[in-house]
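Counting starts at 1 for both ligands and their atoms, following the listed order. Treat the numbers as computed from the prediction; the structure is a model and nothing was measured.
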Amino acid sequence: MVITQKILRNVSLTAHPAGCRRAVEDQVAWVKAHADTSGSSAYPPTGGLSMPKRVLVLGGSTGYGLSSRIVAAFGGGADTISVSFEREPSETKTATAGWYNAKAFDDRAKREGLKAFSLFADAFLDETKEQVADLIEEEFGHVDLIVYSLASPLRIDRESGVTYRSVLKPIGEPFTALSVGLESDIVGEATIEPAEGDQAEETVKVMGGEDWILWIEYLKARGLLANGCKTVAYSYIGPELTYPVYREGTIGKAKEHLEASAKTLDDMLAPIGGSAFVSVNKALVTRASAVIPIVPLYMALLYRVMKEQGVHEQCTEQIYRLFSTILYSGREIPTDSEGRLRIDDWEMRSDIQGEVERRWRLQRAGEPIKEGDLEGVRSEYDQIHGFGFPDIDYTMDVDPREV
Ligand code: NAI
């Protein structure tokens, strides 16, 4: 079939296998180039660093999780296991991008002599934890790093039969702000109704730290954590203009819980010389972030400002910086006053935020976005689904089952 891109309400319904392979290969090439020789202190070579060698990534098929896997494997020579929840392809329907990414990653890692296992399973389930633990036992012995990078709309509790859903809503009162979709550059106004009933608690259940703790507890009980094992999960804070829908909304409650869970896990890992962290990352277009109201407009302004200042990064650059200059730099790990790692430092610089705020005030509902980079956001969004690579012929008939 000829695979074209179909987007509905900022969700891509299709993905292109050749393009997803290209997106993975491009990230691998960038990491290898910097790992071997680097001219920049922001992205130092990894040769002399004690990078982790056996890595588990929960949510390793797209976005920050995929980048974590790529940096670990191609920047540090790690064997990796990824767990992700992705749709398989059929003769007439494409897989989700993460399915193609995982296949492309496994092929490339194996060609370089690295072990790579991609499981497509629900990370919240006990049986998945058991399956992964068996695999670690058989193939790795122990793990040195567990990255927790899930972004999920729901969590099913098999025992009680309850389904918890995560929602992106303000708490207390409705929030109205300017917004933009990926399909048109006309700025609109969006009103988001506040969370009702148990929606905030349910969001914490899905996106908070409970499941992260369950993973580490289980792997520890099975004796699969190496001495000095680290674990990291990802969070976001962002500017005040997104607080009502993000940091002070339902997802913010979940992130607070995630951050508190890092402290619990840090205590749990201390006896084996291990440690747990939350890293606060930059706003970037991923499948998860594109559907947050207001955020695409903020990202469009932020991208343009950061590109003008020469400090725009994508997930892979962010994670490379996290590993090489913070987690595995060999120096004391720098944290903020809350114990978090900050790779959103460039995004949150006062000159960057000041300029984004100025541009935010220029926007008017019903008019095209001003001084933003919606094109850049859109092009990254297309590429993470395998579209928009100039040298790929998108008119070709391809079998969606072949990566
Ligand atoms: P993403 O949508 O690209 O990746 C989510 C991953 O979770 C995918 O691999 C998906 O397959 C997996 N997943 C979802 N449900 C699953 C399940 N039940 N079982 C197994 N795997 C499952 O999202 P993104 O943006 O990379 O988010 C990852 C983390 O980074 C999240 O905690 C997010 O809040 C955080 N973050 C994201 C930022 C952004 O701007 N994109 C900024 C800062 C933090």
Side-chain angles (χ1 to χ4, degrees), residues 10-12 15 20 23 56-70 81-88 95-102 105 118-125 127-129 131-132 147-158 163-166 168 203 205-209 211-212 215 232-238 242 246-247 249-252 254-259 261-262 278-292 294-296 298-299 302-303 313-316 318-319 322 340-344 347-348 377 380-381 384-385:
N10 289 8
V11 175
S12 181
C20 287
L56 168 63
V57 186
L58 302 162
S61 60
T62 54
Y64 276 112
L66 173 64
S67 292
S68 305
R69 197 178 186 199
I70 290 174
I81 297 172
S82 154
V83 182
S84 64
F85 203 72
E86 300 292 343
R87 185 184 70 221
E88 281 189 15
T96 44
W99 192 89
Y100 293 129
N101 292 341
F105 176 95
S118 292
L119 273 66
F120 299 109
D122 184 349
F124 292 116
L125 299 182
E127 66 204 51
T128 304
K129 295 180 176 70
Q131 197 187 350
V132 170
V147 176
Y148 193 85
S149 187
L150 296 187
S152 177
L154 53 87
R155 171 178 176 186
I156 300 167
D157 184 336
R158 274 271 180 84
T163 298
Y164 302 100
R165 292 181 193 282
S166 65
L168 291 153
T203 305
K205 200 84 180 155
V206 182
M207 291 296 289
D211 182 62
W212 183 25
W215 269 100
V232 63
Y234 299 137
S235 187
Y236 184 65
I237 297 176
T242 64
Y246 200 96
R247 198 64 202 188
T250 51
I251 186 73
K255 291 302 185 193
E256 277 170 18
H257 188 274
L258 188 79
E259 290 164 22
S261 303
V278 159
S279 169
V280 183
N281 299 355
K282 175 192 184 211
L284 275 173
V285 66
T286 63
R287 283 188 310 192
S289 66
V291 295
I292 309 177
I294 324 288
V295 166
Y298 168 68
M299 284 196 293
L302 178 74
Y303 272 35
E313 294 176 303
Q314 290 183 264
C315 292
T316 295
Q318 278 265 290
I319 299 299
L322 174 67
R340 300 172 295 214
L341 315 179
R342 302 299 296 260
I343 50 169
D344 64 340
E347 169 181 357
M348 299 314 292
V377 171
E380 283 184 18
Y381 186 80
I384 61 174
H385 294 94

So Tyr303 and Leu284, side-chain contact (heavy atoms from CB on, under 4.5 Å) or not? Walk me through it. CA-CA 9 Å; Tyr303 272 35; Leu284 275 173; 3.3 Å; yes
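- Scanning all protein heavy atoms for the shortest distance to atom 44 (C) of ligand 1 gives Ser235 O, 3.1 Å.
- In summary, the atoms of ligand 1 found under 4.0 Å from a heavy atom of Tyr234, numbered by their order in the structure, are 30 (O), 32 (O), 35 (C).
- Counting heavy-atom neighbours within 6.0 Å of Arg87 CZ, excluding the residue itself, gives a total above 12.
- Summarising the contacts of atom 19 (N) of ligand 1 with Ala123, Pro153, Ser67, the nearest heavy atom is found in Ala123.
- Residue contact check: Lys255 has heavy atoms under 4.0 Å from atoms 31 (C), 32 (O), 33 (C), 34 (O) of ligand 1.
- Remark: among candidates Thr62, Ile237, Leu258, Leu58, the nearest residue to atom 1 (P) of ligand 1 is Thr62, based on non-hydrogen atoms.
- Inspection of the Asn10 and Tyr381 side chains reveals no N or O donor paired with an N or O acceptor under 3.5 Å.
- Shown in contact with Arg287 at under 4.0 Å from a heavy atom are these atoms of ligand 1, numbered in order with element: 2 (O), 8 (C), 10 (C), 11 (O).
- Tyr236 pairs with exactly one of Arg247, Glu347, Lys255 by the side chain to side chain donor-acceptor pair (under 3.5 Å) rule, that one being Glu347.
- Atom-to-atom distance recorded for Thr203:OG1 and His257:NE2 is 12.5 Å, nearest 0.5 angstrom.
- Side-chain contact annotation: Arg69 with Ser84, donor-acceptor N/O pair under 3.5 Å absent.
- Protein heavy atom at the shortest distance from atom 16 (C) of ligand 1 is Phe85 CB, 3.4 Å.
- The atoms of ligand 1 that sit less than 4.0 Å from any heavy atom of Ser84 are 9 (O), 11 (O), 20 (C), 21 (N).
- Atoms of ligand 1 found under 4.0 Å from any heavy atom of Gly63 (numbered from 1 in listed order, with element): 3 (O), 26 (O).
- Looking only at protein heavy atoms, the nearest one to atom 24 (P) of ligand 1 is Thr286 OG1, 3.7 Å.
- How far OG of Ser149 is from CD1 of Ile319: 7.0 Å, rounded to the nearest 0.5 Å.
- Here the heavy atom of the protein found nearest to atom 42 (C) of ligand 1 is Lys282 O, 3.2 Å.
- Side-chain contact check for Ser67 and Gln318: no donor-acceptor pair (N or O, by modelled atom type) lies under 3.5 Å.
- Scanning the protein heavy atoms around atom 12 (C) of ligand 1, the nearest turns out to be Gly59 CA, 3.8 Å.
- Residue contacts with ligand 1 for Ala233 are absent, since no atom lies close enough (heavy atoms, distance under 4.0 Å).
- Between Phe124 and the options Leu58, Leu150, Leu154, a side-chain contact (heavy atoms from CB on, under 4.5 Å) holds for only Leu150.
- Contact atoms of ligand 1 toward Ala121: 19 (N), 20 (C) (distance under 4.0 Å to a heavy atom of the residue).
- Between Ser61 and ligand 1, at least one pair of N/O atoms sits closer than 3.5 Å.
- Looking from atom 31 (C) of ligand 1 to the surrounding protein, the closest heavy atom is Leu150 O, 3.5 Å.
- At the shortest separation from atom 18 (N) of ligand 1 among protein heavy atoms lies Asp122 OD1, 3.0 Å.
- Rounding to the nearest 0.5 Å places OG of Ser279 at 10.5 Å from CD of Glu259.
- Within the cation-pi definition used here (under 6.0 Å to the ring centroid, within 45° of the axis), Lys282 does not qualify as a partner of Tyr298.
- Against a heavy-atom cut-off of under 4.0 Å, Phe124 is close to the following atoms of ligand 1: 18 (N).
- Every atom of ligand 1 with a heavy atom of Ser149 under 4.0 Å away is listed here by number and element: 5 (C), 6 (C), 7 (O), 28 (C), 29 (C).
- Of the residues Arg287, Glu86, His385, the one that meets the side chain to side chain donor-acceptor pair (under 3.5 Å) test with Thr62 is Arg287.
- Atom 23 (O) of ligand 1 has as its closest protein heavy atom Ala288 CB, 3.5 Å.
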